[in-house]
*Asks:* 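Got a structure for you, questions after.
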Amino acid sequence: MLTAVSEDVFNCQLDAGRKAVTPCTVVIFGASGDLTARKLIPALYHLFAEGMLPAPFQVIGVARRHKTHETWRAELRAALERFSRSGTPPADKWQAFAEGVFYCEGDFNDSATYQRLREMLKAAPAEDLRRHLLFYLAVAPSQFGEISQQLHDAGLLQRLGEQTGWQRLVVEKPFGHDLQSARALNQHLLRLVDEQQIFRIDHYLGKETVQNILMFRFSNSIFEQLWNRQLVDHVQITVSEQHGVGDRGGFYEEAGALRDIGQNHLLQVLALVAMEPPVTLESEAVRNEKVKLLKSIRPITPAQAATQAVRGQYFAGTIDGQPVPGYRQEPRVRPDSNVETYMALKLQIDNWRWSGVPFYVRSGKRLPLSASEVRVQFRPAPNVLFAAQCGLQLDVNAITLRLQPHEGISLRFNGKVPGSSLRVRPVRMHFSYNTEFGAYTPEAYERLLLEALAGDATLFIRSDEVEAAWSLVDPIREAWSAPLSNREFYAAGTWGPVAADELMARDGREWRNPQPAA
Ligand code: BG6
């Protein structure tokens with residue numbers, strides 16, 4: 001007799017033994033900034049509301065503007081209503097959270113600010129709040145060095161062996177603007193604290209779908225068999241955004257698509273898709289494999305950039321039927337700016353698994369839709385039977401990991417169209433997060449904050465990883481120092497400059513663009 005096996009039997013909890021988050025204080029530098037209002041406070045509030053934060057727990061925001069605790073709390077509440085995934089918080093929940101939220105006014109360059117912060121910490125009602133400290137640098141990168149130094153000088157941030165309790169530093173991206181500056185920043189931070197205390201953020205690693213890449217690959221036996229140069233023809237990774245630079249023109253003028261998305265989000269996703277299985281799920285083991293993979297990507301030299309790296313900038317166009325301005329017309333953008341808002345690269349991985357399999361990665365602003373996905377495209381069927389008769393009309397197999405939105409995974413293969421004629425066309429098997437698990441997906445920052453509070457660095461970037469990524473980006477930047485040519489512009493609302501299609505066409509391939517609903 002067959003007995004049904006409950007799904008629960010196969011529900012495996014991997015983090016049951018993970019370290020509990022101890023009561024602590026989160027100190028946010030950049031308390032008046034956008035990131036704090038849009039992401040950090042909503043994330044902390046949700047963690048609190050769901051009972052995921054330890055008690056006691058407090059947040060201290062540091063910024064220059066004059067404000068009282070009350071005014072900052074009121075601002076944060078208004079921001080939560082606007083930006084949070086759950087809308088207006090229930091009054092009692094918010095009140096309970098806000099009681100642990102404080103404001104510390106001061107200039108980041110002034111040592112008096114850190115003395116004030118010290119006093120506030122000293123006055124905390126519990127020993128743990130004074131000794132367990134997470135410093136979050138949600139500030140301009142130029143301030144990372146100064147703040148960490150001042151914290152150290154004030155005795156608030158010490159090395160592992162010198163501290164009582166724990167002290168950690170969360171550093172937002174961009175971490176440096178090239179290899180040299182990233183190295184200098186690493187050296188500076190590592191003079192003050194140990195690597196295990198530094199949590200370099202790439203918020204893509206906090207996304208459910210990005211974390212699922214390793215689960216998908218290494219908790220299933222069938223897909224990993226396909227994941228190699230014998231069967232994979234090439235891989236496409238796309239991070240496309242419909243919106244433009246909005247009010248971030250000033251920042252973007254210093255960054256561009258390659259630094260803003262390529263150096264971090266795209267290379268991180270690529271590393272997870274292509275890396276070898278780690279020996280364990282420990283943070284160092286996972287990160288060792290990612291670094292190994294990044295180091296096996298063949299750098300694109302400035303001379304090769306002409307055929308393997310494409311940049312572009314959007315001019316005025318139409319999105320969803322609405323006219324939108326060009327990049328050069330955006331606020332705080334130079335009218336003759338040569339900053340790229342689009343990038344596409346052909347990358348080769350020189351290792352046993354992937355030798356000869358190109359990875360095409362691209363990202364752009366003002367593209368037709370916002371979607372991030374990984375498409376693993378398999379080799380065509382042998383040129384006999386159906387393939388011989390249909391030629392290029394016979395589609396190839398592909399697995400698409402849709403990272404956002406409409407999160408899910410699809411397998412595309414050919415099937416017979418029902419009927420008396422013999423017709424074949426692609427069909428799709430699809431797993432949708434929403435259908436399977438319901439619409440709830442926690443924000444990346446919730447997960448990342450919780451991990452940093454627990455002291456687990458798996459989802460953060462290690463110093464050698466960030467440097468390996470910059471080594472790949474720097475030579476391309478060098479090749480892009482000349483002004484943009486006419487061919488490098490694309491109309492807002494299109495899939496990038498023609499050169500991006502040519503990059504693929506040279507290899508006899510084409511981009512497969514994300515679809516509105518996967
Ligand atoms: C940020 C970039 O890191 O990622 C932004 O600075 C970009 O320019 C954003 O828009 C994209 O993140 P998400 O989560 O919206 O895909």
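Quantities reported herein were computed from a predicted structural model and do not represent experimental measurements. In what follows, residues are counted from 1 in the order of the sequence shown. Both ligands and their constituent atoms are indexed starting at 1 by order of listing.
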*Asks:* Report yes if the side chains of Lys207 and Leu448 come closer than 4.5 Å at any heavy-atom pair, otherwise no.
*Replies:* no
*Asks:* Go through ligand 1 atom by atom and flag the ones less than 4.0 Å from a non-hydrogen atom of Lys365.
*Replies:* 5 (C), 7 (C), 8 (O), 10 (O)
*Asks:* From the options Lys346, Arg487, Arg509, select the one residue that forms a salt bridge (charged side-chain N to carboxylate O under 4.0 Å, His left out) with Glu502.
*Replies:* Arg487
*Asks:* Show me which atoms of ligand 1 lie under 4.0 Å from any heavy atom of His265.
*Replies:* 1 (C), 3 (O), 4 (O)
*Asks:* So, Tyr342 versus Tyr490, ring centres under 6.0 angstrom or not?
*Replies:* yes
*Asks:* Any atoms of ligand 1 less than 4.0 Å from a non-hydrogen atom of Glu241? List them with their elements.
*Replies:* 7 (C), 9 (C), 10 (O), 11 (C)
*Asks:* Please tell me whether Phe218 and Phe216 form a close aromatic pair, meaning their ring centres lie under 6.0 Å apart.
*Replies:* no
*Asks:* Assess whether a salt bridge exists between Glu75 and Lys67, defined as any Lys/Arg side-chain N lying under 4.0 Å from an Asp/Glu carboxylate O.
*Replies:* yes
*Asks:* Would you mind running through ligand 1 and noting each atom that sits below 4.0 Å from a heavy atom of His243?
*Replies:* 10 (O)
*Asks:* Could you check atom 12 (O) of ligand 1 against the protein and tell me its nearest heavy-atom contact, residue, atom and distance included?
*Replies:* His203 NE2, 3.1 Å
*Asks:* Select the closest option to atom 14 (O) of ligand 1 among Arg248, Lys207, Gln404, judged by heavy-atom distance.
*Replies:* Lys207
*Asks:* Give the atoms of ligand 1, by number and element, whose distance to some non-hydrogen atom of Lys173 is under 4.0 Å.
*Replies:* 1 (C), 2 (C), 3 (O), 6 (O)
*Asks:* Check Glu330 with Arg248, please: is the shortest side-chain N to carboxylate O separation under 4.0 Å?
*Replies:* no
*Asks:* Heavy-atom pairs closer than 4.0 Å: do any link ligand 1 to the side chain of Tyr252, the backbone, both, or neither?
*Replies:* neither
*Asks:* Which residue and atom name correspond to the protein heavy atom nearest atom 6 (O) of ligand 1, and how close is it?
*Replies:* Asp260 OD1, 2.6 Å
*Asks:* My understanding is that only one of Lys173, Glu340, Arg477 makes a side-chain contact (heavy atoms from CB on, under 4.5 Å) with Arg259; could you say which?
*Replies:* Arg477
